[in-house]
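Here is how names work: the chains are called A, B, and so on, in the same order as the sequence lines, proteins then strands, and each is numbered from 1. As a basis for the values below, the full set of heavy atoms in this structure was taken, side chains included, without hydrogen atoms, waters or symmetry mates.
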Protein chains: 2
Amino acid sequence: MAIPRAAKTQRRTRIQEEKEEKILEAALDVFSVSGFRGSTIDQIADVAGMSKPNLLYYFRTKEAMHRALIDRVLFTWLEPLRAFDANGNPESEIRSYIRRKLEMARDFPRESRLFANEVLQGAPHIEDELKGPLKDLVDEKAEVIKSWAKAGKIAKCDPYHLIFSIWSTTQHYADFDVQVLAVLGQEQAGSGRFEDAARFLEQLFIDGLRVKPAS
Amino acid sequence: MAIPRAAKTQRRTRIQEEKEEKILEAALDVFSVSGFRGSTIDQIADVAGMSKPNLLYYFRTKEAMHRALIDRVLFTWLEPLRAFDANGNPESEIRSYIRRKLEMARDFPRESRLFANEVLQGAPHIEDELKGPLKDLVDEKAEVIKSWAKAGKIAKCDPYHLIFSIWSTTQHYADFDVQVLAVLGQEQAGSGRFEDAARFLEQLFIDGLRVKPAS
DNA sequence: TGTAATGTTTACCAGTCGGTCAAATTATCC
DNA sequence: GGATAATTTGACCGACTGGTAAACATTACA
């Protein structure tokens, strides 16, 4: 009898482990480009090198695949913000947050696009995660930033919009990569663009947030 | 005989004018949410309140609809950057560019998402526009910014990444609106967020680009 | 080694997809 | 008002969609 469909048994088989991994890897490829609606199980099956029914043996529906993928990626995705240290030096915390986010945009562009696609299309599958864990984490870090501003360690500013602007500027290099490449042109298209971006963004945010001499 | 299919006749009928308008309006609704692949002609027909074959009478294919929509929207979309004045005051030019882009994010979020979806999915339909008109325009304005920096009117910085960062921060409020709303929560979700964003971004970019006193 | 559980495939289904066609309806202009 | 062109519709097509059923193959384990 083949009803297990993964996780029905207490312990996951080695084969389950491997195949689910393979499927989610392929799913990431496909969903990150075409979004949920625009992706098909057949495409994912093709990329994974497996048959469609075989995919559906491990994940009962297309939605289950998407969900599993989101769940797996979300935690990692929030890691840089979680690492934001209230007791650290404000300037270097912001600097390294930007660095880290930019590194993720460079090293995990598919993950970035997966969320971008999802949010762009109204976040029908991750609304709860946004209003729950994400909001909570941002609220917490916003408090930290606010206290820094109050203590005169950085310029007074809206912490939420600061976080939004760091998100958008860094993820831009993953989500809109084609556009960035098109505008920069062949010559500058080497991966040096990430270094250039890092330099620019650090300058922008550090100088932009420096406390101004009382005028 | 009904072969006209719009624009075959020299002059467009009033009815053609109206219906094409109606269709593109509906197409914008649908494409901006689901992207090209994820959208269906039936959806567009539904929104437009017309029958599917009727839509296909005005636009032979789904791609033709998408193309017509892109063509129509692209010019307007680049207006703010085009208005960037080489002879103006750098600070106020940057300030008003940010304002204008933010206003567009607020007033034309669908247009923003249309492009975001397209670029995110690899820009298969607008590659030429990106490498041509867009790149040319950006190159031109980048020169302007570079000359400002050289003249000591603003801090030295990479002009391309400056433009990218203005794009990303402003469009973020259109493309990732659901996320912004989720994080800000009900209480702050009024349209005041655009004013807050404007204040923050102007502070960030103006202070971030101010020439630093020789250290 | 046998056998039960797990994994894989082929064939298939009903619904949806982009798009066509011919017939019916409406607008235009003399 | 009638002829002619422009517009709209319903019926339909083959390809693809997410998903199922059952037969078949493989693995794990006593």
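We find that CG of A/Asn54 is positioned 15 Å from P of D/dT20, with the value rounded to whole Å. One atom, CD of A/Glu17, and another, P of C/dG7, lie 11 Å apart when rounded to the nearest Å. When rounded to the nearest whole Å, the span between NZ of B/Lys62 and C1' of D/dC16 equals 12 Å. Look at CD1 on B/Ile44: it is 17 Å from P on C/dT16, rounded to the nearest Å. Separating the CG atom of A/Asp46 from the P atom of C/dT9 is a distance of 13 Å, rounded to the nearest angstrom. Rounded to an integer number of Å, the gap from A/Leu56 CG to D/dT20 P is 7 Å. Straight-line distance from the CD1 atom of A/Ile41 to the P atom of D/dG18: 5 Å, rounded to whole Å. Rounding to whole angstrom units, CG of residue B/Asp42 and C1' of D/dT17 are separated by 13 Å.
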Begin with the C-alpha distance, continue with both residues' side-chain angles, and end with the deciding distance and a verdict on ring pair (Phe, Tyr, Trp, His ring centres under 6.0 Å) for B/His161 and A/Tyr173.
CA-CA 10 Å; B/His161 293 283; A/Tyr173 292 95; 5.5 Å; yes
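A salt bridge links B/Asp42 with B/Lys52: the distance from a Lys NZ or Arg NE/NH1/NH2 to an Asp or Glu carboxylate oxygen falls below 4.0 Å.
Mapping B/Arg37 and B/Lys19 onto DNA chain D by nearest heavy atom places B/Lys19 closer to the 5' end of the strand. Mapping A/Lys52 and B/Gln43 onto DNA chain C by nearest heavy atom places A/Lys52 closer to the 5' end of the strand.
Candidate nucleotides D/dG19, D/dG10, D/dT20 were compared by shortest atom distance to the side chain of A/Thr61, and D/dG19 ranks first. Distance from the side chain of A/Tyr58 is smallest for C/dT8 among the nucleotides C/dT8, D/dG19, D/dT8. Here the side chain of A/Pro53 is nearest to one of C/dT20, C/dA11, D/dG19, namely C/dA11.
Side-chain contact check for A/Tyr160 and B/Asp196: no donor-acceptor pair (N or O, by modelled atom type) lies under 3.5 Å.
Between A/Phe36 and A/Phe31, the ring planes lie parallel to each other; the angle is under 30°, not in the 30° to 60° tilted range.
A close approach under 4.0 Å does occur between a side-chain nitrogen or oxygen of B/Tyr57 and OP1 or OP2 of D/dT7. The side chain of A/Gln16 places no N or O atom within less than 4.0 Å of a non-bridging phosphate oxygen (OP1 or OP2) of C/dT6. Residue B/Ser51 places at least one side-chain N or O under 4.0 Å from the OP1 or OP2 atom of D/dT9.
Backbone-only engagement by B/Thr40 is indicated by non-hydrogen atom pairs under 4.0 Å involving sugar-phosphate atoms exclusively.
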For residues 100-108 of chain B, tabulate all N or O donor-acceptor pairs below 3.5 Å that involve a side-chain atom, not counting sequence neighbours.
none

